[in-house]
Q: 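I have a structure I would like to understand better, so I am pasting it below and will then ask my questions one at a time.
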Amino acid sequence: MTLQEAQGNVDQWIKTTGVRYFSELTNMAILTEEVGEVARLMSRTYGDQSFKETDNKKQLSDELADVLWVLICIANQTGVDLTEALQRNFEKKNTRDARRHQQNEKLR
């Protein structure tokens, strides 16, 4: 699935099953919540925290998909084409950061 297809699929689901988009501010709060869930799982899987019983069935792939879903919602409702935005971001990084990371001694 391309980003464009994902944006269309999310939009279709929201308009048919989800009734309507939550407000942009509500979606920003939901995005923050979902990123927190990713952080919680990462800290338990790769960090020093132990799992709680309620965390045992959580899957990183599912939590990341939740983040992507809400991010797509925000893009859709604010008129952002994620395909174009990501392409521009690659161009920016290839120009601005072309040698930056290669010259970073901390990464060697």
Side-chain angles (χ1 to χ4, degrees):
M1 179 184 317
T2 66
L3 286 172
Q4 185 177 36
E5 290 168 338
Q7 284 192 254
N9 290 345
V10 167
D11 190 61
Q12 182 66 26
W13 187 92
I14 293 291
K15 291 177 177 174
T16 58
T17 305
V19 180
R20 66 172 178 80
Y21 284 93
F22 295 130
S23 71
E24 294 85 350
L25 188 56
T26 297
N27 273 335
M28 186 61 230
I30 293 169
L31 178 61
T32 302
E33 179 183 316
E34 296 297 349
V35 169
E37 291 179 17
V38 169
R40 179 183 185 93
L41 187 55
M42 293 291 292
S43 71
R44 282 154 176 73
T45 302
Y46 302 102
D48 299 323
Q49 285 194 323
S50 61
F51 278 89
K52 294 181 180 178
E53 198 171 307
T54 56
D55 297 324
N56 286 337
K57 294 182 182 176
K58 303 271 182 170
Q59 297 286 324
L60 182 59
S61 59
D62 188 46
E63 299 303 330
L64 289 171
D66 287 344
V67 169
L68 184 57
W69 179 277
V70 180
L71 188 66
I72 289 171
C73 287
I74 292 170
N76 283 351
Q77 64 192 139
T78 59
V80 172
D81 180 325
L82 287 173
T83 301
E84 289 179 14
L86 186 59
Q87 183 60 45
R88 284 192 313 270
N89 198 269
F90 269 108
E91 290 167 5
K92 175 179 72 175
K93 285 178 177 20
N94 284 332
T95 302
R96 182 189 69 194
D97 299 333
R99 298 186 184 273
R100 180 174 155 226
H101 298 299
Q102 294 170 352
Q103 295 171 349
N104 183 349
E105 291 298 320
K106 295 178 186 177
L107 296 177
R108 295 178 193 258

Q: Any chance you could measure K58, atom NZ, to L41, atom CG, to the nearest 0.5 Å?
A: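 Between K58 NZ and L41 CG, I get 8.5 Å after rounding to 0.5 Å.
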Q: Are the side chain of S43 and the backbone N or O of R40 linked by a donor-acceptor pair below 3.5 Å?
A: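 Such a contact is found between S43 side chain and R40 backbone.
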Q: Within the structure provided, determine whether I72 and L82 are in side-chain contact (heavy-atom separation under 4.5 Å).
A: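 Side-chain contact under 4.5 Å: yes.
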Q: Does R99 have any side chain to side chain donor-acceptor pair (under 3.5 Å) partners at least two apart in sequence or in another chain, and if so, which?
A: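 Not a single residue meets the side chain to side chain donor-acceptor pair (under 3.5 Å) criterion with R99.
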Q: Keeping to residues at least two apart or across chains, list the ring-ring contact (aromatic ring centres under 6.0 Å, His included) pairs with something in residues 60-108.
A: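 Pairs touching residues 60-108 that pass the test: W13-W69.
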Q: Does L60 reach the side chain of T45, with side-chain heavy atoms less than 4.5 Å apart?
A: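 Not touching, per the 4.5 Å side-chain cut-off.
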Q: Who passes salt bridge (Lys or Arg N to Asp or Glu O under 4.0 Å) against E105, sequence neighbours left out?
A: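 With sequence neighbours excluded, E105 shows a salt bridge (Lys or Arg N to Asp or Glu O under 4.0 Å) to R108, given in chain and number order.
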Q: Can you tell me how far the CG atom of L64 sits from the CD atom of E37, to the nearest 0.5 Å?
A: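 Between atom CG of L64 and atom CD of E37 there are 11.0 Å.
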Q: Listed by chain and number, what are the side chain to side chain contact (heavy atoms under 4.5 Å, CB included) partners of Q59, not counting sequence neighbours?
A: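 Applying side chain to side chain contact (heavy atoms under 4.5 Å, CB included) to Q59 gives S61, D62.
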Q: Using the test side chain to side chain contact (heavy atoms under 4.5 Å, CB included), find all partners of D48 that sit at least two apart in sequence or belong to another chain.
A: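 For D48 there are no side chain to side chain contact (heavy atoms under 4.5 Å, CB included) partners, ignoring immediate neighbours.
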Q: Could I get the full list of side chain to side chain contact (heavy atoms under 4.5 Å, CB included) partners for Q12, not counting sequence neighbours?
A: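 In terms of side chain to side chain contact (heavy atoms under 4.5 Å, CB included), with neighbours along the sequence ignored, Q12 is linked to T16.
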Q: List in chain and number order the residues that pass side chain to side chain donor-acceptor pair (under 3.5 Å) with R44, two or more places apart in sequence or in another chain; answer none if no residue qualifies.
A: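 Applying side chain to side chain donor-acceptor pair (under 3.5 Å) to R44 gives Q49, D55.
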Q: How many angstroms lie between CG in L86 and CG in L3, if you round to the nearest 0.5 Å?
A: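 If we round to the nearest 0.5 Å, L86:CG and L3:CG are 6.0 Å apart.
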Q: Taking all heavy atoms of Q7 and all of V80, pick out the closest pair and write down the distance.
A: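 So the two residues come closest at NE2-O, 2.9 Å.
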Q: Who pairs with N94 by side chain to side chain donor-acceptor pair (under 3.5 Å), at least two apart in sequence or on another chain?
A: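 Counting only residues at least two positions away or on another chain, N94 forms no side chain to side chain donor-acceptor pair (under 3.5 Å).
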Q: Give the table of side-chain donor-acceptor pairs shorter than 3.5 Å for residues 19-26, with sequence neighbours excluded, one pair per line with atom names and distance.
A:
unit_1: Y21; atom_1: OH; unit_2: D11; atom_2: OD1; d: 2.6
unit_1: Y21; atom_1: OH; unit_2: N76; atom_2: ND2; d: 3.0
unit_1: S23; atom_1: OG; unit_2: T26; atom_2: N; d: 3.1
unit_1: S23; atom_1: OG; unit_2: T26; atom_2: OG1; d: 2.9

Q: Short question: side chain of E34, backbone of L68 - any donor-acceptor pair under 3.5 Å?
A: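 A pair under 3.5 Å: no.
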Q: Applying side chain to side chain contact (heavy atoms under 4.5 Å, CB included), can you list everything that pairs with K92, at least two apart in sequence or on another chain?
A: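 Residues passing side chain to side chain contact (heavy atoms under 4.5 Å, CB included) with K92: N89, R96.
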Q: Might you point out which heavy atoms bring I74 and T78 nearest each other, and give the distance in Å?
A: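 That closest heavy-atom pairing would be O-OG1, 2.7 Å.
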Q: Can you tell me which residue pairs pass the ring-ring contact (aromatic ring centres under 6.0 Å, His included) test with a partner in residues 43-66, sequence neighbours excluded?
A: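 Counting only pairs at least two positions apart or across chains, no ring-ring contact (aromatic ring centres under 6.0 Å, His included) contact touches residues 43-66.
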